[in-house]
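As a basis for the values below, the full set of heavy atoms in this structure was taken, side chains included, without hydrogen atoms, waters or symmetry mates.
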Amino acid sequence: MTPHAFAVFGLVALAACAPQTGGPEEPSISTARFERFVYSGSDPVHEDIQRGPDTYLNPVLGGFYPDPSNTRAGNDYFLVTSTFAYFPGLPVFRSSDLVNWEQIGNAVDRPDQVDFGQLGLSRGLFAPAIEFHDGIFYIFNTCVDCGGNFVITARDPAGPWSDPSWLPELVGGIDPALFVDDDGRAYVVNNGPPDRTPEYDGHRAVWVQEFDLETLTTFGPRTVLIDGGVDFSEQPVWIEGPHIYKVDGRYILTAAEGGTAENHSQVVLASDAPMGPYTPHDANPILTQRDLPRDRANPITSAGHADLVQTPDGDWWATFLAVRPYGDDQYNTGRETFLMPVRWVDGWPRITDAGEAIPFVATSPDLPGQAAPARPMGGAFTRIDEFDGTAMDPEWMMMRNPRETWWALEGGELRLRPRAAGLGDNANPSFFGRRQQHMNARGELTLQFQPDTIGARAGLAVLQNDDFWFFIGLELTDEGPALRLRQRAGSGQDRQGVVLATLLLDTMPRNPLSLRVTARGAFYDFDYRLPNDDWQTLLHDADGSQLSTRNAGGFVGVTMGPHAYSPNGG
């Protein structure tokens, strides 16, 4: 158990996320009791790779870990990613080799730090940027539709992190990032509206303003560094995610361009002063996959939003987001974190050459080896959670902020109180999700539940957002107890979903039963195992493409985990 695994994840008026008090009391007949959750996954492309001892696999953070930002503190590296309206938010990772990452906490782990309300799941916390300076870690971030831009700080990156200091002068902007010059002067760069009426859809700008590290406030004039993109004549869209670095006396500004879909890219500019003017590189972009054949085998696409870091020996590396589609730009795993070396050519950084594919396997950084973490984040692995700790592991998330404590870890079980908040209600249902991190993945849980109300149910949810999900569980129906599979495939369907399959049971199971989902690209199988019986299939080859970002929209990825609901719940 990491030291801050939800350790400060409590409600303001209640205790922590490991509520021995305040959560469900001794299990009532209607408390959903989950004894274990097993996740396992692999990717076919990795299975065909012959790895050497000094190689690593991409992605280094598989699954929904987008917009990665990194920083170095001594010989350790720290990384954060976006979480949007999931809570807790902004996972913080540590590594000593840039390949093996261990989650050490979540920077937004108290419900009163930010408030997602009933926002869509792809609003909330957009791209964070982490920096380390003079013993303090800074995360700059935007809470979209929930407060705007802010900065939080910590001396220990595992937390606790401070309450937000809001940055009102960055109004209308996103993606703030910190740069501290050699003379101690600090600057914030961010995406914002242009200094005039936008001339086309997606016309944005990159701004810079000085920042006071003591008061955590911006001051002085705001200056446009990039108007639209590196070549305004081409009407470039969505210049965002800017970062400034100082290399050999020059100021290097990188930013993403082209939107986060298949036209995504990374561009670079340089200046002799932090506030510009900046000159674009004549060989932009320095990272993209949009110039590769769309029908290539095992594609990696949508690459961009890079952040660069230098090792103590002077080597440079970049973390960035990309995706692995299984069909026509369909992917359920969300935008993932990849790693590549950065080459410097005539004073300019380069990550991929024109037409160069991002590799699935590459030579590892020349850094001291790090033991494989207990919870690997890349390659094939199996993870078992027995729910026997005192707090939820930090990888578990819920939809939006909790207003009450509806969960407890007691007696080697995760106990969920069924409540009248459903998966499709833009609310905070009794649901914990962990990311689907592989194209071929399996989630399995063990459950005890005795529903006492028609419509009450508990089981396993597989969810892309409020409008697109599956749920297999034990439910009390008008005809008696049943195993039932529900699906919601769009906002036009009932918020409770539609029933795809039902198996009526003679009696309510009194001993634990097991539920399982198996993902195979676009297809999902839903299985069950009654006490003292073998696995049986409730539905085979369900259309999982509805869970793809292309169909469901938004910026998140599939999560899966235990859920409980009751129409008469609290």
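Here the closest heavy-atom approach between residue Leu170 and residue Pro176 is recorded as CD2-CB, 3.8 Å. Considering all non-hydrogen atoms of both residues, Leu98 and Val60 come closest at O-CG1, 4.4 Å. Contact record, Thr81 with Pro91: OG1-CG, 3.4 Å, taken as the closest heavy-atom pair. When all heavy atoms are compared, the tightest approach of Leu367 to Pro312 is CD2-CD, 4.4 Å. For the residue pair Pro274 and Ile244, the shortest heavy atom distance occurs at O-CD1, 3.9 Å. Minimum interatomic distance between Pro349 and Val342 (heavy atoms only, all atoms of both residues): CB-CG1, 3.7 Å.
If you run side-chain hydrogen bond (donor to acceptor under 3.5 Å, both in side chains) between Glu169 and each of Thr218, Thr217, Asn190, only Thr218 comes through. With Phe78 as the partner, the ring-ring contact (aromatic ring centres under 6.0 Å, His included) test is satisfied by one option alone out of Phe137, Tyr138, Phe93: Phe137. When Gln266, Glu257, Arg290 are each tested for a side chain to side chain contact (heavy atoms under 4.5 Å, CB included) with Pro285, only one passes: Arg290.
A donor-acceptor pair under 3.5 Å is formed between the side chain of Asp183 and the backbone N or O of Arg185. Put simply, the side chain of Ser122 gets close to the backbone of Phe555: a donor and an acceptor are under 3.5 Å apart. Listed for the Trp207 side chain is a donor-acceptor partner under 3.5 Å among the backbone atoms of Pro193. Checking side-chain atoms of Asp115 against main-chain N and O of Gly117 turns up a donor-acceptor pair under 3.5 Å. A donor-acceptor contact shorter than 3.5 Å links the side chain of Gln113 to the backbone of Ser162. Asp212 places a side-chain N or O within donor-acceptor distance of the main-chain N or O of Thr215, the cut-off being under 3.5 Å. In this structure, the side chain of Arg383 engages the main chain of Pro376 through a donor-acceptor pair within 3.5 Å. Looking only at distances, a side-chain donor or acceptor of Tyr56 sits under 3.5 Å from a matching main-chain atom of Leu339. Here the side chain of Gln436 pairs no donor or acceptor atom with the backbone of Val558 at under 3.5 angstrom. Remark: side-chain polar atoms of Tyr251 are not paired, donor with acceptor, to backbone N or O of Val247 under 3.5 angstrom.
For the pair Leu121/Phe84, no side-chain contact is recorded, criterion being any heavy-atom separation below 4.5 Å from C-beta on. Between Arg250 and Asp272, some side-chain heavy-atom pair lies under the 4.5 Å cut-off. Between Leu61 and Pro68 there is no side-chain heavy-atom pair separated by less than 4.5 Å. Side-chain contact between Asn70 and Tyr77 is absent, with no heavy-atom pair separated by less than 4.5 Å. Proximity of Asp97 to Pro365: side-chain heavy atoms (C-beta onward) are nowhere separated by under 4.5 Å. Side-chain contact check for Val114 versus Pro164: some heavy-atom pair is nearer than 4.5 Å. For the pair Val108 and Trp161, the minimum side-chain heavy-atom distance is 4.5 Å or more. Between Pro59 and Met377 there is no side-chain heavy-atom pair separated by less than 4.5 Å.
With sequence neighbours left out, the side chain to side chain contact (heavy atoms under 4.5 Å, CB included) criterion links Arg51 to Ile49, Thr55, Leu57, Val361. Partners of Glu356 under the salt bridge (Lys or Arg N to Asp or Glu O under 4.0 Å) rule, at least two apart in sequence or in another chain, do not exist in this structure. In this view, Asn428 and Met398, Pro402, Trp406, Arg419 satisfy the side chain to side chain contact (heavy atoms under 4.5 Å, CB included) rule, not counting sequence neighbours. For Asp43, the salt bridge (Lys or Arg N to Asp or Glu O under 4.0 Å) criterion is met by Arg324, not counting sequence neighbours.
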Before you tell me yes or no, could you show the steps for Tyr245 and Thr254 under side chain to side chain contact (heavy atoms under 4.5 Å, CB included), namely the whole-Å CA-CA distance, both residues' side-chain angles and the distance that decides it to 0.1 Å? CA-CA 8 Å; Tyr245 317 88; Thr254 68; 3.7 Å; yes

Please determine whether side chain to side chain contact (heavy atoms under 4.5 Å, CB included) holds for the pair Leu409 and Met392, giving the CA-CA distance in whole Å, both sets of side-chain angles, and the decisive distance to 0.1 Å. CA-CA 8 Å; Leu409 287 171; Met392 293 292 285; 3.9 Å; yes

Ile358 vs Gln289, test: side chain to side chain contact (heavy atoms under 4.5 Å, CB included). Steps then yes/no. CA-CA 8 Å; Ile358 294 167; Gln289 298 289 271; 3.5 Å; yes

Please step through side chain to side chain contact (heavy atoms under 4.5 Å, CB included) for the pair Arg123 and Cys146, ending with a clear verdict. CA-CA 9 Å; Arg123 309 307 284 173; Cys146 45; over 6 Å; no

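Between the side chains of Tyr86 and Thr559, at least one donor-acceptor pair of N or O atoms lies under 3.5 Å. Under the 3.5 Å distance criterion, with hydrogens and angles disregarded, a donor-acceptor pair is assigned to the side chains of Asn149 and Thr142.
In this structure, Arg435 satisfies the cation-pi test against Phe64, with its NZ or CZ atom closer than 6.0 Å to the six-membered ring centre and inside 45 degrees of the ring normal. Arg434 forms no cation-pi arrangement with Phe37, by the criterion of a distance under 6.0 Å to the ring centre and an angle within 45° of the ring axis.
Within a 6.0 Å radius of CG in Asp231, other residues, nucleotides and ligands contribute more than 12 heavy atoms.
The distance from the CG atom of Asn58 to the CZ atom of Phe320 is 6.0 Å, given to the nearest 0.5 Å.
Salt-bridge annotation for Arg36 and Glu386: present, with a side-chain N of the basic residue lying under 4.0 Å from a carboxylate O of the acidic one. Salt bridge Arg335/Asp67: present, at least one basic N to carboxylate O contact under 4.0 Å.
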Determine all donor-acceptor pairs shorter than 3.5 Å in which one atom belongs to a side chain in residues 129-136; sequence neighbours excluded.
none

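Evaluation of the side-chain hydrogen bond (donor to acceptor under 3.5 Å, both in side chains) test over residues 342-352, restricted to residues two or more places apart or in two chains, returns Arg343-Asp353.
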